[in-house]
Amino acid sequence: MSLLLQSLVLGVLLGGLYALLAAGLTLYFGVMRVVMIAHSAFLILAAYLAWWFTSETGLDPLLSLVLTVPLFFAMGVLMQRVLISRLRPATLTMMSVLLTFSIALVIEGMLGFAFSGTQRRIRLDYGGANFEVFGANVAVVKLIAFALAVVSLAALFLLMKKTQFGQALRATIQHPEAARLIGINTERVAGYGFGLGLATAAIGGTALALDSTFYPSLHWHWIGPLMAIIVVGGLGSIPGAAIAAMVLGMGQALLQIPLGTTWAQTFFYIALFATLMVRPQGFFGGRLAQRF
Amino acid sequence: MPSASDTVSTTDRRSRGSVALKAVGLLVLAAAVLSFPSVAANPFILSVGVVIMSYAVLATSWNFVGGFTGYISLGHAAYSGLGGYATGLLVIHTGVNPWLGMLLAGLAVAVLAVPIGIASLRVRGASFVIVSIALVLILLLVFQSWGSFTGGSNGLRVPRPFGPEVLRPEQHERFFYLHAALLAVALLTWWLIDRSRFGMGLKAIREDEDKAQALGVPTFTYKLIAFVVSAFFTALGGGLYALWFGFLDPIFQFSILVGSYMVLMSLLGGIRSLFGPFLGAVIVGYAVEYFKNQYGDTQFHLVAMGLLLGLVVLFMPDGIIPAATNLVDRFRPQKTSIREVTQAELAEQRRTAGPEAAQADQQARTDDGTDIPTSDSTVTEGARS
Amino acid sequence: MTATADAAPAQQTASLATVGLTKRFGGVTAVDGASVTFHHGKVNALIGPNGSGKTTFFNCVTGMIKPDEGTVSYRGADITGKAPHRIARAGVGRSFQLCRVFPRMTVMENMLVAVRSTSLRRQLASARDAEELDRARGLLARVGIEHLEHSLARDISYGQQKLLELAGVLMADPETIMLDEPAGGVNPALIDRIANLVRSLNAEGKTFIVVEHNMELVMGLSDHVVVFDRGRPICEGTPTVVQSDPRVLEAYLGI
């Protein structure tokens, strides 16, 4: 029973991180119809930057967010303006996949070159600390990572719902032509949407760095589940992505008990195939997904 | 490389002369390929030749779906890897004749490709790419973990089809020819589809899927067939490679990188050309083997691969062959005659219609949002040549 | 829903018909319970102010969008929710708003896409058999662009692309042809040309359903006009009847 509870708690904690990252992936797809393969490569890049920041300054890795979040936001805007917007609209979805894939390869290669392929881990004073809730053991770092994800998601949600920029962003996602007609500069909005997406990778990467080891090719282990999540949630729907992330994250954690970690990962892919077979537009997606 | 013929757009206007030219080109190409083993300086060069031919088979097979329908699969390594493993496992466990085993493996993978295709092709674009990557990742996971059956991370030793009396250089030579034969079959099949009604429908899907469907093309079925044929040939390529190399490691078989090689090769050579992927395989395959030999398997390898792919996508998405054909066409007299008709027609249209109509015409083009060149550019281009 | 007693004679002349067709996008109802009957062998027109749901209606009828409610029938057979290629092969060809051709295929290749039969042997045969090429050349000549056969579709002018699109639709030999704004963005001379083509094809027995803004063209061309407003028909009849209907004036000038 406590094992089950333990897994559930772990699933929720992991699901939060998945939800934040999937929200980023959904933003790119929403504003530009781009499947951003490099999302998880940026995630690992952020983890390395947090590690490097801590090993250079001795400060807490969380403080690296002050630098990485604006940096990643700017990189996202730049990436959309300089690279993605150059592609022809007719082949955008396919070519952007290749372009972001090549960015992922470059990041992986550069990380390997700069920091070598060995596994890295940040040593924290509170790294081993944990406490007990209803018999389940919760590591403090995991809780911090979860809190970070939840706070960021909430901020993103408020930004989307309450601000004028958020409205423009949502309008662009739902109906770019109509958004243009009512005077929204969809190109600029798309750039900021990209920036926001990449900012989630910065936060996610730092959260990841708190309690896991990482290495340059780790991003492949993240992009698969994340892509499964956004398909299950319905391409282009942020709430859908968040819900699917929680559900699948918990499913994975629960399946780890009977199957072990490796086989539990296949859960994401099975969910992906099942979704495409039964309901190709995803479970929470709207109109967007049907055509893509 | 002989002129390698963009069959797509030139079939119509080719004269007897250019047919002869193509025949000669094809013969020269065949002769060059077939004589390679005898001119290769040493067994190592010959083995590089086999690797390049293997890449050519894989890239050409990839191009059945990528080139015809425009659906980019980043995970075709799944099918080559499955083909290799299925061949190896069949030979090991059933003792079947290795060549028959390879064929059976290809068929099995083709059957498996049907549900995968149904799942990923029903909706457009993005889902297909996502499934293609997911498939490689899941297979890597499964083949690494399921040690009792696949050999797991330790790899799988595949028995060689030729006895120990056949020495290494001769092994290479035989496999070089076998790969060349498989490549020829794949190319022939691609060419047959290219000229068929089915192929016309596939190309229409690549250009505008809604429009194709409105003209009666059963787009889903067509895409699925192209996908299954592609998986079949890719699996045969993987099986043949497995029989040659004799050892399978999931890390290399189910590698995203191998899948992206196929994409890069096809894209670089030109996905709409019959020989595009082959040309790309020769260039990229040679470069990859050269760098591996010179610098070993470093991280720069990834960076170079990523940069090259990015540059091709941004600046040469149509590939080398179309770019070269355009260059040739610019200096070719008969092409300009077409331009002149267009130009005359346009001029006449403008005379009859007057300036406001031309303006409306212009307006319509810009509203359209697609990259149709304006009539002005057509006229000036005609005037220049 | 359908009236049983009058159904038989009506169906003999009915081409495409919808009953209670409805399509919503989120909170917006683009097509709102539209029941429309187009007449076989006639030139039908569908007009209405911008945003009145004409194109959505058009897309529902041709299978591009699945309607939320209601039925679509063609010549008496139910085709609701059928895939676009099935509707196309049932005999309904269509053009697209703003004109769509296959940009990187030649004009001739554009003509050869249309599928009339999916028999395996026919599909695997060469696309360029002599009979098919002759038919294509004949149709290109009919719309007046036969000299452009070898040009890439993206290299010809917008007006020529419109003609190519029409010729390409004709290649499938449809019984009924739906045109989405055939006069949109083209010059007056070409509008005349398209109108003449529609007239002569109609004389040969083709049914037309034309969505159009250009009132002059609609009134001069059509036998039967349906006026759309806010996702449903508000009035229908001959051009003269429709023109004098106060509801039409209100819809067009009202708000």
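Note that the structure is a prediction, hence the values are computed from the model and not measured. Both backbone and side-chain heavy atoms feed into the values below; hydrogens, waters and symmetry mates do not. So you know, we letter chains A, B, ... as the sequences are listed, proteins then strands, and number each from 1.
Residues B:Ala126 and A:Leu235 share a closest heavy-atom pair of CB-CD1, 4.1 Å. Heavy-atom minimum distance, A:Arg86 versus B:Phe315: NH2-CE2, 3.2 Å. Residues A:Leu272 and B:Ala134 share a closest heavy-atom pair of CD2-CB, 3.5 Å. Of all non-hydrogen atoms in A:Thr262 and B:Ser145, the two that sit nearest each other are CG2-OG, 3.0 Å. For A:Met277 against B:Pro115, the heavy-atom pair with the smallest separation is CE-O, 3.2 Å. Taking both residues in full, the closest heavy atoms of B:Val131 and A:Phe273 are given as CG1-CE2, 3.7 Å, listed atom of the first, atom of the second, then distance.
Heavy-atom distances place the side chain of A:Ile37, and not its backbone, under 4.5 Å from chain B. In this structure, no portion of A:Val34 lies under 4.5 Å from any heavy atom of chain B. Only the side chain of A:Leu87 comes within less than 4.5 Å of a heavy atom of chain B; its backbone N, CA, C and O stay farther away. For A:Phe268, no part sits under 4.5 Å from any heavy atom of chain B, backbone or side chain. For chain A, the nearby part of B:Ile133 is the side chain; its heavy atoms alone come within less than 4.5 Å. Heavy atoms closer than 4.5 Å to chain A are found nowhere in B:Val136, neither backbone nor side chain. With a 4.5 Å cut-off on non-hydrogen atoms, B:Leu311 does not touch chain A at all. In this structure, the portion of B:Leu257 lying under 4.5 Å from any heavy atom of chain A is its side chain and not its backbone.
Around atom CZ of A:Phe113, no more than 12 heavy atoms belonging to other residues, nucleotides or ligands sit under 6.0 Å away. Under a cut-off of 6.0 angstrom, the local environment of CH2 in A:Trp263 is crowded, with over 12 non-hydrogen atoms contributed by other residues, nucleotides or ligands. Annotation: A:Arg188, atom CZ; neighbour count of heavy atoms from other residues, nucleotides and ligands within 6.0 Å does not exceed 12. Under a cut-off of 6.0 angstrom, the local environment of CE in A:Met110 is sparse, with at most 12 non-hydrogen atoms contributed by other residues, nucleotides or ligands.
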| Test side-chain contact (heavy atoms from CB on, under 4.5 Å) applied to A:Thr93 and B:Val129, step by step | CA-CA 9 Å; A:Thr93 301; B:Val129 182; 5.8 Å; no
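Contact check for B:Phe128 versus A:Leu276: no side-chain heavy atoms found under the 4.5 Å cut-off. The side-chain heavy atoms of A:Val35 and B:Ile130, taken from C-beta on, include a pair separated by under 4.5 Å. A heavy-atom distance below 4.5 Å is not found between the side chains of A:Ser102 and B:Leu264.
In this structure, A:Tyr269 OH and B:Leu141 CG are separated by 7.0 Å, a value rounded to the nearest 0.5 Å. For the atom pair A:Met94 CE and B:Thr69 OG1, the distance stands at 7.5 Å (nearest 0.5 Å). Between the CG atom in B:Leu308 and the CG atom in A:Leu105 there is a gap of 11.0 Å [rounded to 0.5 Å].
For B:Ser230, the side chain to side chain donor-acceptor pair (under 3.5 Å) criterion is met by B:His76, not counting sequence neighbours.
A side chain to side chain contact (heavy atoms under 4.5 Å, CB included) with B:Val313 is found for one member of A:Leu98, A:Leu83, A:Thr100 and no other, namely A:Leu98. Each of B:Leu309, B:Leu314, B:Val312 was compared with A:Leu99 under the side chain to side chain contact (heavy atoms under 4.5 Å, CB included) criterion, and only B:Leu314 meets it.
Comparing B:Leu307, B:Leu135, B:Ile256 by heavy-atom pairs within less than 4.5 Å of chain A, the highest count is held by B:Ile256.
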